[in-house]
K.L.:
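First the structure, then my questions, so here it is.
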Amino acid sequence: MIDPQLLREQPDLVKASQERRGDPVSFVDEALAAESARRAAITEFERLRSEQNAHAKLVGRASKEERPALIEQGKALAVGVKEAQARVTEAEAAFDAAVSRLGNIVHPDVPAGGEENFVTLATHGTERSFDFEPLDHVALGERIKAFDIARGAKVAGTRFYYLTGIGMRLELALMLLGLDQVLADGFTPLTTPTLVRPEIMQGTGFLGEHAAEVYHLPADDLYLTGTSEVALAGFHADEILDLDEPKRYAGWSTCYRREAGSAGRDTRGILRVHQFNKLEMFSYVKPEDAEAEHDRLRALQERMLQACELDYRVIDVAAGDLGSSAARKFDIEAWIPSQQQYRELTSTSNCTTFQSRRLATRYRTESGRTAPVATLNGTAATTRWLVAILETHQQPDGSVRVPEALRPYLGGLATIEPVEAA
RNA sequence: GGAGACGUCGCAUAGUCCGGCCUAGUGCACCACCCUGCUAAGGUGGAGUCCCCAAUAGGGGACCGAGGGUUCAAAUCCCUCCGUCUCCA
């Protein structure tokens, strides 16, 4: 959630942010009204409560004779307090709902507009073309027996797959390469829970706009996470952190997504699936260090794509295409030869203090006060990378060259040869 | 799955049976000052988190795992949930 003080003191700034996101500006005035209603309710309740507390003490000290009359008076006070308390609960729920509709304050450098209005910050490599007819990752995967999509569908349904043989090994190799890179950068590796409680899902904002994307297990009231960001953000919930040094974590987990709104899109292959693995970076830093950390995460991601010898571009995602908790987001998209277009491989978001405020993750400032920390997240590697790696490094005979950096994790394997049909 | 014990403002504990000077005590650790004078010790005071009002000082409310309930009044009584531990299966 955004800073209520900012909402109160600089509503115009919040309105401008809403405007740039393409979200209703009227939400700001509604939130403001709910905010002052909330404070009024609290003030009234506390006045009555104070009166009641003083009265209860009188009763405690009173003699037997005085007591009955005082208790009668107390009953009247109790009614008023109860009503006032109910009004506070109501006002707080209303405020919560109203303020929850406001997205994070968009960073001033974020391009205006929607999905297609991104700005390309950098490109690397060529948009590779071949002097032979390139295969897409599905055809390549069949040649080298890297995955089995038909059997995935048979067993679990569409958008499920098996990684087989070299495919399975290649995914692990990629994850291990990613892990070694983030370890070198001081990240603490974690294997995270992939089932979480409603409060955590709610607190991290994934039950808002993405609610339909999330698998729910009603028998246990647990949610399957679509990214370890959920567990990583929840890790330090309700804590006061020592942030003299930033806290950096790399969470490895399987991710589950319903892909509810994407029927018919990317139905071929493993580009868009219900289940995949991901190594996710997550940083807790002081708010003033958030932008530098964001650049750092992006640099790390670029290094990973370069290690995999992929062609890519870095885009600054436009305001209208930002998740509600992100103030700014950089996506790195790799060139997919069979599609002749760039597709997202990584994403890194600066959530400033938006996420931590609801999760009550704080640090101690110079003056000794507590203040919300800034959180940032970014992809280090996912199963989807296999698509780009296979297609980019394919050779005329249907074999695939293994990027140097991945070879140590594959026993030195330099080329993945087609498997002859049995 | 069954039975039981437990959860207190950093850590450790008192308080809960029997509701009201609990404004949650004490020890350790911590911070400031004083005393002392050098591997120490002692004294005084301070100190949690969240929120509201006032914006300097200050005043008030909430928090004893979480949420409800009973009551004039709940750490204390009742219910539900979460967690930890022990025993049984």
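In the text below, chain A, chain B and the rest are named by the order of the sequence lines, each starting its count at 1.
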K.L.:
Across all strands shown, which nucleotide pairs with A40(B) by Watson-Crick or G-U wobble geometry, both distances under 3.5 Å?
P.N.:
none
K.L.:
Would you mind telling me which residue lines up with the more 5' stretch of RNA chain B, T89(A) or L70(A), judged by nearest nucleotide?
P.N.:
T89(A)
K.L.:
Between E90(A) and R87(A), is the closest basic N to carboxylate O distance under 4.0 Å?
P.N.:
no
K.L.:
R272(A) pairs by salt bridge (charged side-chain N to carboxylate O under 4.0 Å, His left out) with which of E259(A), E213(A), E344(A)?
P.N.:
E259(A)
K.L.:
At under 4.0 Å between heavy atoms, what does R369(A) touch on the DNA or RNA strands: base, sugar-phosphate, or nothing?
P.N.:
nothing
K.L.:
Would you measure the distance from the P atom in A57(B) across to the matching atom in C63(B) and give it in whole Å?
P.N.:
27 Å
K.L.:
Suppose you measure atom P in A5(B) against the same atom in C77(B); what distance do you get, rounded to whole Å?
P.N.:
13 Å
K.L.:
One thing to verify: whether R38(A) and D96(A) come together as a salt bridge, which I'm taking to mean a side-chain N less than 4.0 angstrom from a carboxylate O.
P.N.:
no
K.L.:
Return the nucleotide paired to G58(B): Watson-Crick means purine N1 to pyrimidine N3 with N6-O4 or O6-N4, wobble means G-U with N1-O2 and O6-N3, both under 3.5 Å.
P.N.:
C53(B)
K.L.:
Who does G7(B) pair with, Watson-Crick or G-U, both distances under 3.5 Å?
P.N.:
C82(B)
K.L.:
Name the first nucleotide and the last nucleotide along RNA chain B (5' to 3') that come under 4.0 Å of a heavy atom in chain A.
P.N.:
G20(B) to G83(B)
K.L.:
So what does R197(A) touch, heavy atoms closer than 4.0 Å: a base, only the sugar-phosphate, or nothing?
P.N.:
sugar-phosphate
K.L.:
Salt bridge check: are R101(A) and E30(A) linked by an N-O gap of less than 4.0 Å?
P.N.:
yes
K.L.:
Between U39(B) and U44(B), how far is it from one C1' atom to the other, in whole Å?
P.N.:
26 Å
K.L.:
Determine the interatomic distance between C1' on G25(B) and the same-named atom on G61(B); round to the nearest Å.
P.N.:
23 Å
K.L.:
Using the closest heavy atom to pick a nucleotide of RNA chain B for each, name whichever of R8(A) or K82(A) lands nearer the 5' end.
P.N.:
R8(A)
K.L.:
Taking pairing as Watson-Crick or G-U wobble with both contacts under 3.5 Å, can you name the mate of G46(B), or confirm there isn't one?
P.N.:
C30(B)
K.L.:
Give me the distance, rounded to whole Å, that separates G67(B) from C9(B) when you measure between the P atoms they each carry.
P.N.:
15 Å
K.L.:
Quick one: look up who C18(B) pairs with, Watson-Crick or G-U, both distances under 3.5 Å, and put none if it's unpaired.
P.N.:
none
K.L.:
For A12(B) and C88(B), measure between their P atoms and round to the nearest Å.
P.N.:
28 Å
K.L.:
Let's go through H236(A) and Y363(A) carefully: what are the C-alpha distance in whole Å and the side-chain angles of both, what is the deciding distance for ring-ring contact (aromatic ring centres under 6.0 Å, His included) to 0.1 Å, and is it a yes or a no?
P.N.:
CA-CA 11 Å; H236(A) 285 304; Y363(A) 74 109; over 10 Å; no
K.L.:
Using the C1' atoms only, state how far U8(B) lies from A24(B), rounded to an integer number of Å.
P.N.:
8 Å
K.L.:
In residues 179-201 of chain A, what donor-acceptor pairs under 3.5 Å come from side-chain atoms, sequence neighbours left out?
P.N.:
unit_1	atom_1	unit_2	atom_2	d
D180(A)	OD2	Y409(A)	OH	2.5
D185(A)	OD1	R303(A)	NH1	3.4
D185(A)	OD1	R303(A)	NH2	3.4

K.L.:
Can D321(A) and K329(A) be counted as an ion pair, charged N to O under 4.0 angstrom?
P.N.:
no
K.L.:
Pairing check on G1(B): which nucleotide meets the Watson-Crick or G-U wobble criteria with it, both distances under 3.5 Å?
P.N.:
C88(B)
K.L.:
Under 3.5 Å for both donor-acceptor distances, Watson-Crick or wobble: does U76(B) have a partner, and if so which one?
P.N.:
none
K.L.:
Do any pairs count as a side-chain hydrogen bond (donor to acceptor under 3.5 Å, both in side chains) and have a residue in residues 147-172 of chain A, sequence neighbours left out, and if so which ones?
P.N.:
D148(A)-R151(A), E171(A)-N277(A), E171(A)-T383(A)
K.L.:
May I ask which nucleotide in the shown strands pairs with U70(B), Watson-Crick or G-U wobble, both distances under 3.5 Å?
P.N.:
none
K.L.:
Distance between the C1' atoms of C28(B) and G20(B), in whole angstroms?
P.N.:
32 Å
K.L.:
At under 4.0 Å between heavy atoms, what does Q52(A) touch on the DNA or RNA strands: base, sugar-phosphate, or nothing?
P.N.:
sugar-phosphate
